[in-house]
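Treat the numbers as computed from the prediction; the structure is a model and nothing was measured.
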Amino acid sequence: IKWNPTINLISKGSVVNLWDRHILDSAQIFTFFIPKGGLWLDFGSGGGFPGLVLAALSKSLSPGLRFVLVESDARKCSFLKKISRDLSLSVDVLNARVEDLSFERVDYISARAVSQLGRLLVLTEKFVSRETVCVFLKGGKYQKEVADARKNWDFELNLVNSLTSKEGKILILKGVERVFGE
């Protein structure tokens, strides 16, 4: 709340619903699975949702998990770095665009309010293996996004109902592979 007027971490209208709309919405990911360890990439991290929230939870729930938060806005990166240091979290913050990065192995990928599912898969294609678990928080139009993505991508999909939104879903994808021409 202190940083929001300066760098717009969340919309002004959602400040009163900060807990439910942003923090709980992010934290709910760990209600259906808690990874033992590995590398978790969160891109478009902005105000830290869901990456920073999950990193804070993993400090006690999954201490072997390391987070990389990717954000193109340098001001938001400063916020993410400060909070990560203050909470002694296992987090690296990269001031970059996900398109410009490469990783040898990513175990988990998340994004919230970044782009359509098909675009998210394009952005992460170069570091997703068949074992990578992708976790994307989506709103009421998730069905169209999934149908559109399936035109170019093959993946196992597990849909989880959001705890914070009647229309919202959490899309959990595994075995992501691009489908080439028929």
Side-chain angles (χ1 to χ4, degrees), residues 8-35 38-58 62 65 67-73 76 97-99 101 103 106-180 182:
N8 196 35
L9 296 166
I10 59 175
S11 70
K12 292 175 188 174
S14 71
V15 171
V16 295
N17 298 319
L18 176 64
W19 178 258
D20 289 340
R21 176 84 172 86
H22 300 290
I23 297 172
L24 182 60
D25 190 51
S26 298
Q28 70 178 319
I29 291 171
F30 277 2
T31 63
F32 51 85
F33 83 100
I34 301 173
L39 177 62
W40 189 300
L41 173 68
D42 181 69
F43 67 97
S45 297
F49 309 113
L52 198 60
V53 173
L54 296 175
L57 290 171
S58 75
S62 185
L65 199 54
F67 286 80
V68 174
L69 308 183
V70 179
E71 174 55 49
S72 61
D73 185 323
K76 292 178 181 178
R97 299 188 59 80
V98 72
E99 302 93 320
L101 301 175
F103 293 90
V106 175
D107 301 291
Y108 307 94
I109 296 176
S110 60
R112 178 178 179 259
V114 172
S115 189
Q116 299 279 331
L117 179 59
R119 177 74 179 139
L120 295 174
L121 296 176
V122 168
L123 291 171
T124 59
E125 179 178 20
K126 64 184 173 184
F127 37 81
V128 169
S129 73
R130 297 224 14 106
E131 292 77 36
T132 303
V133 177
C134 299
V135 182
F136 301 125
L137 292 93
K138 291 293 180 181
K141 297 181 181 179
Y142 74 92
Q143 290 174 318
K144 179 172 177 7
E145 289 189 42
V146 169
D148 288 347
R150 287 211 184 271
K151 294 174 185 172
N152 298 305
W153 299 91
D154 184 36
F155 48 85
E156 299 168 35
L157 174 64
N158 183 15
L159 284 175
V160 177
N161 292 327
S162 172
L163 299 174
T164 61
S165 166
K166 290 179 186 172
E167 332 53 70
K169 296 286 186 196
I170 300 166
L171 281 57
I172 305 166
L173 284 68
K174 292 173 90 173
V176 176
E177 283 188 322
R178 185 183 284 271
V179 175
F180 292 98
E182 311 263 329

Check your understanding: Can you name the nearest heavy-atom pair linking T132 to V106, along with the distance?
Key -> OG1-O, 2.8 Å
Study note, to complete from the structure: Residues at least two apart in sequence or cross-chain that pass salt bridge (charged side-chain N to carboxylate O under 4.0 Å, His left out) with D148, listed by chain then number, are K144, K151
Revision key, fill the gap. Residues passing the ring pair (Phe, Tyr, Trp, His ring centres under 6.0 Å) test with Y142, sequence neighbours excluded, are none
**Study point:** Side-chain (S62) to main-chain (I34) donor-acceptor, under 3.5 angstrom
**Key:** no
**Study point:** Backbone of F49 reached by a side-chain donor or acceptor of S26 within 3.5 Å
**Key:** no
Check your understanding: Quick one: are L157 and L173 in side-chain contact, heavy atoms under 4.5 Å?
Key -> yes
Check your understanding: Can you name the ring pair (Phe, Tyr, Trp, His ring centres under 6.0 Å) partners of F32, sequence neighbours left out?
Key -> none
Point to revise | Pairs flagged by salt bridge (charged side-chain N to carboxylate O under 4.0 Å, His left out) wherever residues 124-139 is involved - sequence neighbours left out | key: E125-R178, R130-E177, K138-E145
Practice item. Determine the minimum heavy-atom distance between F155 and L117, stating which atoms define it. Key: CZ-CD2, 4.2 Å
Check your understanding: For L69, does its backbone N or O pair with a side-chain atom of D42 as donor and acceptor, under 3.5 Å?
Key -> no
Check your understanding: Going from CD1 on I170 to CG on L163, what distance comes out if it is rounded to the nearest 0.5 angstrom?
Key -> 6.5 Å
Review point. What do you reckon, is CZ of R97 surrounded by more than 12 foreign heavy atoms closer than 6.0 Å?
Key: no
Review point. Listed by chain and number, what are the ring pair (Phe, Tyr, Trp, His ring centres under 6.0 Å) partners of F67, not counting sequence neighbours?
Key: W40
Check your understanding: Quick check: does any side chain N or O of E71 sit under 3.5 Å from a backbone N or O of K76, one acting as donor and the other as acceptor?
Key -> no
Point to revise | Minimum side-chain heavy-atom gap P50-L137 below 4.5 Å | key: yes
Point to revise | Residue pair L65 / S58: nearest heavy atoms and the distance that separates them | key: CD2-CB, 4.1 Å
Check your understanding: If you take all heavy atoms of L39 and D107, which pair is closest and at what distance?
Key -> N-OD2, 2.7 Å
Review point. What distance separates D73 CG from S45 OG, expressed to the nearest 0.5 Å?
Key: 11.5 Å
Point to revise | L101 CG to L41 CG distance, which is reported to the nearest 0.5 Å | key: 7.5 Å
Practice item. Measure the CZ-OG distance between F43 and S110 for me, rounded to the nearest 0.5 Å. Key: 8.0 Å
Review point. At what distance, to the nearest 0.5 angstrom, does NZ of K169 lie from CD of Q143?
Key: 8.0 Å
Review point. Does the side chain of V135 reach to within under 4.5 Å of the side chain of F33, using non-hydrogen atoms?
Key: yes
Practice item. Specify the closest pair of heavy atoms between D25 and S162, including all atoms of both residues, with the distance to one decimal. Key: OD1-OG, 3.8 Å
Exercise for review: Quick one: which residue pairs count as a ring-ring contact (aromatic ring centres under 6.0 Å, His included) with a foot in residues 118-137, not counting sequence neighbours?
Suggested key: F103-F127
